Protein chains: 2
Amino acid sequence: MSDHEHTSTHIDEVDRSILKILQSDGRTALSEIARRLDMGSATIHERVRSLEEQGYIREYRAILDPKLLGIDQVAFVQVETTAGRFSEVAERLAEHREVQEVHEITGDFDLLLKVRVEETDDLSEFLSKLGESDGVRKSSTNVSLRTVKEDGRLDLNGQ
Amino acid sequence: MSDHEHTSTHIDEVDRSILKILQSDGRTALSEIARRLDMGSATIHERVRSLEEQGYIREYRAILDPKLLGIDQVAFVQVETTAGRFSEVAERLAEHREVQEVHEITGDFDLLLKVRVEETDDLSEFLSKLGESDGVRKSSTNVSLRTVKEDGRLDLNGQ
DNA sequence: AATGAAAGCTTAACGCC
DNA sequence: GGCGTTAAGCTTTCATT
């Protein structure tokens with residue numbers, strides 16, 4: 001197997017363990033990680049710093065409850081763009097506050113947006129804006145009636 | 001309107017400020033939050049504890065980079081279930097490791113799944129399992145060719 | 001609810017291996 | 001790359017208001 005990576009060395013099992021721990025609790029103390037992995041905390045400190053620098057760890061966040069905060073109207077909007085302009089339109093739509101996700105997708109439409117707002121009124125307002133947007137030919141919306149699961153964590157156990 | 005809430009009182013502007021700070025950096029020190037909001041750090045400590053207890057803060061997490069970790073095949077799968085069984089099927093599908101989201105939606109299908117795997121082979125394997133699942137009548141899959149935006153943060157600035 | 005102060009931990013930087 | 005040490009800073013508790 002050839003080493004065709006950039007500058008980023010490949011991560012080892014210790015790094016993967018650190019990522020798993022921090023993904024499930026981003027506030028775990030370095031000293032606690034060191035204890036669990038039976039290593040010095042200066043070592044863990046250096047590895048975490050390197051994982052952050054290489055970009056494996058993008059950021060740390062508190063995960064808030066959308067329902068309690070009243071921001072729990074979710075809709076998925078498929079968008080058909082004028083020929084060949086989907087990337088440009090995607091970038092533009094990504095700037096909207098209510099748009100949480102933008103994907104270029106296969107199928108009858110070109111883009112899929114995940115939109116999150118407080119009330120259905122806000123959704124209807126967004127769809128008006130969308131309809132008038134440059135490069136948008138048509139759209140089709142599916143509203144989420146109930147979110148059964150919503151979990152951004154990555155499965156680091158590789159099968 | 002009857003008071004059918006538990007014990008949770010409504011949150012004030014200070015609480016919202018704390019949530020904003022922790023949503024954008026979950027590792028911000030309590031003492032740093034105290035400095036920014038010009039309050040004692042014992043006060044911030046107590047408020048954060050209460051926000052956690054009430055459920056406004058669900059958890060703290062490191063956000064990892066799916067691309068660097070090679071878990072970057074995303075697909076959206078719409079599922080039609082046998083009449084009236086969508087909730088039950090939704091719960092069951094939510095248990096799969098590769099399923100990040102499950103929504104009950106309006107439209108021609110009943111459920112929308114967001115699926116994330118390492119390779120297209122894993123996706124095809126998942127779709128096989130799905131097709132044989134109890135209560136699943138048919139499904140339609142759109143693969144994400146490029147994720148332009150993917151951000152789970154809530155907009156706490158309320159318009 | 002909010003606070004200052006004190007005790008116990010944690011982080012981050014250093015030099016050594 | 002990994003480690004122990006150490007100073008600075010942080011969290012957590014508690015008595016006071």
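Quantities reported herein were computed from a predicted structural model and do not represent experimental measurements. In what follows, every heavy atom counts, from backbone to side chain, and hydrogens, waters and symmetry copies are set aside. Each chain gets a letter, A, B and so on, in the order the sequences are listed, and its residues count up from 1.
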Is the phosphate of [N] approached by [X] (side-chain N or O, under 4.0 Å from OP1 or OP2)?
X      : N       : answer
T43(A) : dC3(D)  : yes
R27(B) : dT11(C) : no
S41(A) : dC3(D)  : no
S31(B) : dG9(D)  : no

### Task
Apply the side-chain contact (heavy atoms from CB on, under 4.5 Å) test between V79(A) and each candidate in L113(A), T141(A), D110(A); give the one that qualifies.
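Result for side-chain contact (heavy atoms from CB on, under 4.5 Å) with V79(A): L113(A).
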
### Task
Look at the side chain of A29(A) and decide which nucleotide, out of dT11(D), dT11(C), dG2(D), has an atom nearest to it.
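Selected nucleotide (nearest to the side chain): dT11(C).
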
### Which nucleotide in dG4(C), dC3(D), dA2(C) has an atom nearest any side-chain atom of M39(B)
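So the side chain of M39(B) is nearest to dA2(C).
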
Expressed as a whole number of angstroms, how long is the span from [X]:[atom1] to [N]:[atom2]?
X      : N       : atom1 : atom2 : value
L37(A) : dC3(D)  : CG    : C1'   : 15 Å
E32(A) : dT11(D) : CD    : P     : 17 Å
L30(B) : dA2(C)  : CG    : C1'   : 15 Å
I11(A) : dG1(D)  : CD1   : P     : 15 Å
I18(A) : dG1(D)  : CD1   : C1'   : 12 Å
I33(B) : dC10(D) : CD1   : P     : 11 Å
H45(A) : dG4(D)  : NE2   : P     : 16 Å
E46(B) : dA2(C)  : CD    : P     : 9 Å

### Message
Under 3.5 Å, is there a donor on one side chain and an acceptor on the other for T147(A) and E101(B)?
### Response
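Side-chain D/A pair, T147(A) to E101(B): absent.
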
### Query
Are S50(B) and E46(B) linked by a side-chain donor-acceptor pair shorter than 3.5 Å?
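Absent: no donor and acceptor within the cut-off.
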
### Query
Among K114(A), Q73(A), K129(A), whose side chain to side chain donor-acceptor pair (under 3.5 Å) with E98(A) holds?
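The side chain to side chain donor-acceptor pair (under 3.5 Å) with E98(A) is passed solely by K129(A) among K114(A), Q73(A), K129(A).
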
### Task
Name the residue closer to the 5' end of DNA chain D, choosing between V14(A) and R35(B) according to the nucleotide with the nearest heavy atom.
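This one resolves to V14(A).
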
### Task
Please test S139(B) against E80(B) for side chain to side chain donor-acceptor pair (under 3.5 Å), starting from the C-alpha separation and ending with a verdict.
CA-CA 6 Å; S139(B) 74; E80(B) 186 185 315; over 6 Å; no

### Query
Heavy atoms under 4.0 Å, any strand shown: does R47(B) hit a base, just sugar-phosphate, or nothing?
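Since only primed, P, OP1 and OP2 atoms lie under 4.0 Å of R47(B), the category is sugar-phosphate.
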
